[in-house]
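Fair warning: this is a prediction, and the values are worked out from it, not measured in the lab. In what follows, chains are A, B, ... by sequence order, proteins preceding strands, each numbered from 1. What's counted below: heavy atoms across the whole structure, side chains too, no hydrogens, waters or symmetry copies.
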Number of protein chains: 2
Amino acid sequence: MNTHDDQLTIQEAAEVIGLSAHTLRYYERIGLIHPINRASNTHRRYTRDDVGWLDFLNKLRATGMSIRQMQAYAQLQREGDVTLPERVEMLKLHRQEVEAHMDVLREFLKLICYKIELYEGILAEAEAAIEDSTTRIETGAEA
Amino acid sequence: MNTHDDQLTIQEAAEVIGLSAHTLRYYERIGLIHPINRASNTHRRYTRDDVGWLDFLNKLRATGMSIRQMQAYAQLQREGDVTLPERVEMLKLHRQEVEAHMDVLREFLKLICYKIELYEGILAEAEAAIEDSTTRIETGAEA
DNA sequence: ACTTGACTTAGAGTGCACTCTAAGTTGTAG
DNA sequence: CTACAACTTAGAGTGCACTCTAAGTCAAGT
């Protein structure tokens with residue numbers, strides 16, 4: 001389709017990254033990524049680096065970082081290497097939050113599993129009771 | 001405050017469960033819980049069972065179940081024991097989703113950890129370089 | 001020449017899950 | 001008697017993160 005010199009159209013980038021083209025434009029509008037370079041026809045062309053950055057943003061989002069936080073992170077990134085310590089701090093904080101979230105999920109999941117087992121126990125018992133009565137009927141052992 | 005015969009006010013229930021009083025009323029309005037019994041002054045009084053159910057709902061929410069799904073679950077619950085198999089099915093499906101979500105979190109967390117280590121490595125190196133040059137200055141070993 | 005389809009924009013609309021407001025009632029403490 | 005705090009309601013408002021719309025441009029294919 002293209003003379004693919006390693007640049008992707010918005011549709012292609014969207015597919016690779018797993019975000020919609022709409023969302024890609026939205027992320028650009030709100031400053032999560034620098035203005036994407038354009039082909040001669042004004043269409044966006046995403047470089048390997050652009051895709052890498054968007055992919056990382058997507059992972060931050062998927063682990064629950066808010067758009068606001070990501071904007072702050074993107075801003076720091078734009079300010080260059082001097083902000084590396086701050087960015088590391090942000091990532092560490094985020095890591096902590098994700099880990100805390102996972103701890104909660106684990107705990108609640110255990111309760112849900114407990115409920116499932118409880119209910120399955122009740123169902124199995126009921127099943128057994130029916131089996132039993134059916135057998136009695138089949139063998140004419142009623143009453 | 002109350003002649004606590006084991007019934008909680010909305011405020012107390014909210015605190016115990018970890019949801020706001022607003023949210024408790026909201027959950028009642030949208031049918032996530034039956035209409036709560038009232039004291040003579042029309043104020044809600046939450047029983048131990050009410051609190052248990054709301055607590056369970058909260059855990060479902062916290063693990064990512066949508067309000068819609070919880071409404072479906074609450075409806076089944078109201079229909080009684082015949083719906084137990086369906087409810088178990090729902091819980092099992094939800095368990096699967098939570099586990100899948102946790103897998104994604106684990107994977108993305110690994111990448112974030114990798115970034116942190118990478119950046120910390122860079123920072124440590126830079127630090128070392130400064131140390132080094134400072135030492136050279138201190139010892140008059142410049143140039 | 002015309003159609004098709006992928007893109008462009010600014011800005012409006014959507015869905016979710018709350019969260020709050022305003023006006024009113026009730027029960028207790030001073 | 002009065003003040004206050006805690007509750008009540010219906011319904012409006014909020015914040016988040018998209019998601020879509022409408023109108024337009026452009027390049028390629030028939």
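Looking at every heavy atom in both residues, B/Ser20 comes nearest to B/Thr23 through OG-OG1, 2.8 Å. The heavy-atom pair separating B/Gly18 from B/Asn58 by the smallest distance is O-ND2, 4.4 Å.
Distance A/Ile36 CD1 to C/dT9 P: 11 Å, rounded to the nearest Å. One interatomic measurement links the two molecules: CD of A/Gln71 to C1' of D/dG15, which rounds to 14 Å at whole-angstrom precision. Between the P atom of D/dA6 and the CG atom of B/Leu8 lies a distance of 16 Å, rounded to the nearest Å. One interatomic measurement links the two molecules: CD of A/Gln7 to P of C/dC7, which rounds to 14 Å at whole-angstrom precision. In this entry the distance linking CZ of A/Arg38 with P of C/dA6 reads 18 Å, nearest Å. Rounded to a whole Å, the CD1 atom of A/Ile30 is 8 Å from the P atom of D/dC18. Regarding B/Leu54, its CG atom lies at a distance of 12 Å from the P atom of C/dC18, rounded to whole Å.
At least one donor-acceptor pair under 3.5 Å links the side chain of B/Glu12 to the backbone N or O of B/Thr9. B/Asp6 contributes no side-chain N or O that, together with a main-chain N or O of B/Arg48, makes up a donor-acceptor pair within less than 3.5 Å. Put simply, the side chain of B/Trp53 gets close to the backbone of B/Leu32: a donor and an acceptor are under 3.5 Å apart. Judged by distance alone, with hydrogens and angles left aside, the side-chain atoms of B/Gln71 form a donor-acceptor pair with the main-chain N or O of B/Ile30 at under 3.5 Å.
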Letter per nucleotide, 5' to 3', of nucleotides 25-30 of chain C [B base touched, S only sugar-phosphate touched, - untouched; heavy atoms, 4.0 Å]: -SS---
Residues B/Arg61, B/Ile67; criterion side chain to side chain contact (heavy atoms under 4.5 Å, CB included); working and verdict: CA-CA 7 Å; B/Arg61 268 304 290 132; B/Ile67 294 278; 4.0 Å; yes
Criterion side chain to side chain contact (heavy atoms under 4.5 Å, CB included) on B/Leu57 and B/Leu19, from CA distance to verdict: CA-CA 11 Å; B/Leu57 286 182; B/Leu19 291 168; over 6 Å; no
Test side chain to side chain contact (heavy atoms under 4.5 Å, CB included) applied to B/Thr63 and A/Leu109, step by step: CA-CA 8 Å; B/Thr63 49; A/Leu109 191 59; 5.7 Å; no
Pair A/Val98-A/Met65, side chain to side chain contact (heavy atoms under 4.5 Å, CB included): steps then yes or no: CA-CA 9 Å; A/Val98 177; A/Met65 187 181 280; over 6 Å; no
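Here A/Arg45 does not reach the OP1 or OP2 of C/dA6: none of its side-chain N or O atoms lies under 4.0 Å away.
Taking a 4.0 Å limit (strictly below) on heavy-atom distances, residues 18-29 of chain B reaches DNA chain D at B/Arg25, B/Arg29. Within residues 60-69 of chain B, no residue has any heavy atom under 4.0 Å from DNA chain D. For the contact set between residues 97-104 of chain B and DNA chain D, defined by any heavy atom under 4.0 Å, there are no members.
In this structure A/Arg25 satisfies the side chain to side chain contact (heavy atoms under 4.5 Å, CB included) test together with A/Ile10, A/Ala21, A/His22, A/Arg44, sequence neighbours excluded. Taking A/Asp55 as the reference, A/Lys59 meet the side-chain hydrogen bond (donor to acceptor under 3.5 Å, both in side chains) condition, with sequence neighbours excluded.
For the side-chain hydrogen bond (donor to acceptor under 3.5 Å, both in side chains) test with B/Thr83, the passing option among B/Glu86, B/Glu79, B/Arg87 is B/Arg87; the others fail.
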